[in-house]
Amino acid sequence: MSASTGAVAPDIAAAVAALRAGELVAFPTETVYGLGADARNPEALRKVYALKGRPSTHPLILHVLSADDLKDWVSDIPAPARALTSRFWPGPLTIVLPRSTRVSDELTGGQDTVAIRVPAHPVARALLAAFGGGIAAPSANRYGRVSPTRASHVREEFPEGLLVLEGGDCEVGLESTIVSLVDAVPRLLRPGSISRADLETVLGESVKVGSSADTPRVPGSTVQHYAPQTPLELVPSGALSTAEAAAAARGERVVTLACPPSSDPATYGRRLYAELRRLDKLGASRILVESVPQSPQWDAVRDRLSRAAATFL
Ligand code: TXA
Ligand code: MG
């Protein structure tokens with residue numbers, strides 16, 4: 001919108017100038033804040049890995065303005081990709097496809113596939129429109145830490161003067177669903193607010209969970225992810241006060257995160273990372289988190305909680 005009228009907001013204009021100069025910019029999306037770089041500038045992409053402390057073999061997610069941009073980045077757009085993009089873009093879905101020869105190794109971590117999404121957040125869209133190209137962006141947190149869901153979280157992660165576009169609290173609050181369309185069967189690589197059932201409904205076929213032996217490793221699938229600094233322990237549903245009392249009896253100071261029976265997964269997911277950051281600052285020896293329901297609607301939340309807990313096993 002702003003690009004076509006010529007009236008680009010000052011912060012967007014500054015962000016575009018930074019991207020064109022090969023600098024990094026943090027920006028809001030509907031899922032979490034991203035740490036963005038010009039996706040066609042390998043030098044800028046290397047800065048993303050350096051600032052995050054992320055291994056250079058772990059690929060980034062490419063953000064583009066619309067599904068029409070896919071052709072510039074992938075070698076083939078199979079029918080299932082068209083079905084998913086017309087239903088879910090703009091929105092919290094990332095699709096993995098074979099990359100075009102013009103895509104750099106820095107973007108894909110050296111793999112022959114590329115992960116792409118079209119974000120829905122108006123600030124992300126204004127930035128993409130004004131920039132006029134693709135923006136590579138992992139979540140704007142240091143490697144292995146909790147993803148940021150508000151601008152102040154990004155400033156906590158990177159205090160040294162990174163340009164951060166303000167976009168309020170992220171509406172989804174958990175990272176996008178990632179589906180790979182590289183193999184003969186679609187594979188869910190990371191659960192998110194768009195569920196496996198949502199994908200299967202649109203695709204008209206079943207979606208496998210997890211990567212095949214030859215699918216590249218997803219950093220989110222290693223245990224050192226989504227973790228606060230304070231050890232996090234999952235306790236069975238309904239057992240929070242017992243566990244808290246037991247800890248208190250041992251003289252241990254713990255903090256708790258409950259999951260009342262009335263909780264809905266969307267609201268819980270939206271608040272989870274901000275809550276973990278808040279609890280992490282209370283100087284407790286452990287964060288006790290009540291387990292969430294086993295039902296599919298809770299898959300994304302359960303996935304993030306179990307990874308955060310697994311770090312300290
Ligand atoms: O919601 C999101 O997706 C956010 C916002 C900023 O868009 N981004 C995000 O990026 O979560 P990051 O880097 O924290 O996670 C990117 C995930 C990683 O798990 C990575 O391995 C996976 O995407 N990924 C990227 N390219 C891939 C590829 N070619 N094949 C398989 N997985 C890929
Ligand atoms: Mg991340």
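Counting starts at 1 for both ligands and their atoms, following the listed order. From a predicted model like this one, the values you see are computed outputs, not experimental measurements. Just so you know, residue 1 is the first one in the sequence shown, and it goes up from there.
Each of the following atoms of ligand 1 lies closer than 4.0 Å to a heavy atom of Glu175: 1 (O), 11 (O). Those atoms of ligand 1 with a heavy atom of Thr113 less than 4.0 angstrom away are 28 (C), 29 (N), 30 (N).
Between Arg117 and ligand 1, a contact under 3.5 Å exists for at least one N or O pair. Polar contact with ligand 1: present for Thr31 (N/O pair, distance under 3.5 Å). Considering backbone and side-chain N/O of Ser176, one or more are found under 3.5 Å from N/O of ligand 1.
Under the salt bridge (Lys or Arg N to Asp or Glu O under 4.0 Å) rule, Glu106 has a single partner from Arg54, Lys47, Arg46, Arg40, which is Arg46.
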side-chain contact (heavy atoms from CB on, under 4.5 Å) between Leu272 and Leu257: does it pass, once the steps are laid out? CA-CA 9 Å; Leu272 175 62; Leu257 182 60; 3.8 Å; yes
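Side-chain atoms of Phe27 and Leu35, non-hydrogen and from C-beta on, never get closer than 4.5 Å to each other.
By the 4.0 Å heavy-atom criterion, Gln111 is counted among the residues contacting ligand 1. Ligand 1 lies less than 4.0 angstrom from a heavy atom belonging to Val32. The shortest heavy-atom distance from Arg99 to ligand 1 is not under 4.0 Å.
Of all the heavy atoms of Ile178, the ones lying under 4.0 Å from any atom of ligand 1 belong exclusively to the side chain. Contact annotation: for Arg187 versus ligand 1, there are no heavy atoms closer than 4.0 Å.
Look at Lys281 and Glu156 and you find a salt bridge, because one of the NZ, NE, NH1 or NH2 atoms lies within 4.0 Å of a carboxylate O, short of that distance. A salt bridge is defined here as a Lys NZ or Arg NE, NH1 or NH2 lying under 4.0 Å from an Asp or Glu carboxylate O, and Arg277 with Asp280 fails to meet this definition. In this structure, Arg150 does not pair ionically with Glu166, as no charged nitrogen and carboxylate oxygen lie closer than 4.0 Å. Taking a cutoff of 4.0 Å between a charged side-chain nitrogen and a carboxylate oxygen, Arg270 and Glu275 do not qualify as a salt bridge.
For a distance bound of 2.8 Å, the N, O or S atoms of Ser147 include none lying that close to the Mg ion (ligand 2).
Enclosure of atom CZ in Arg82 is not indicated, since only 12 or fewer non-hydrogen atoms of other residues, nucleotides or ligands lie within 6.0 angstrom. Around the CD atom of Glu171, the shell of radius 6.0 Å holds no more than 12 heavy atoms that belong to other residues, nucleotides or ligands.
Between the choices Gly109, Pro119, Ser139, the shortest heavy-atom distance to atom 9 (C) of ligand 1 belongs to Ser139. In this comparison of Pro59, Pro28, Ser180, the heavy atom closest to atom 24 (N) of ligand 1 sits on Pro59.
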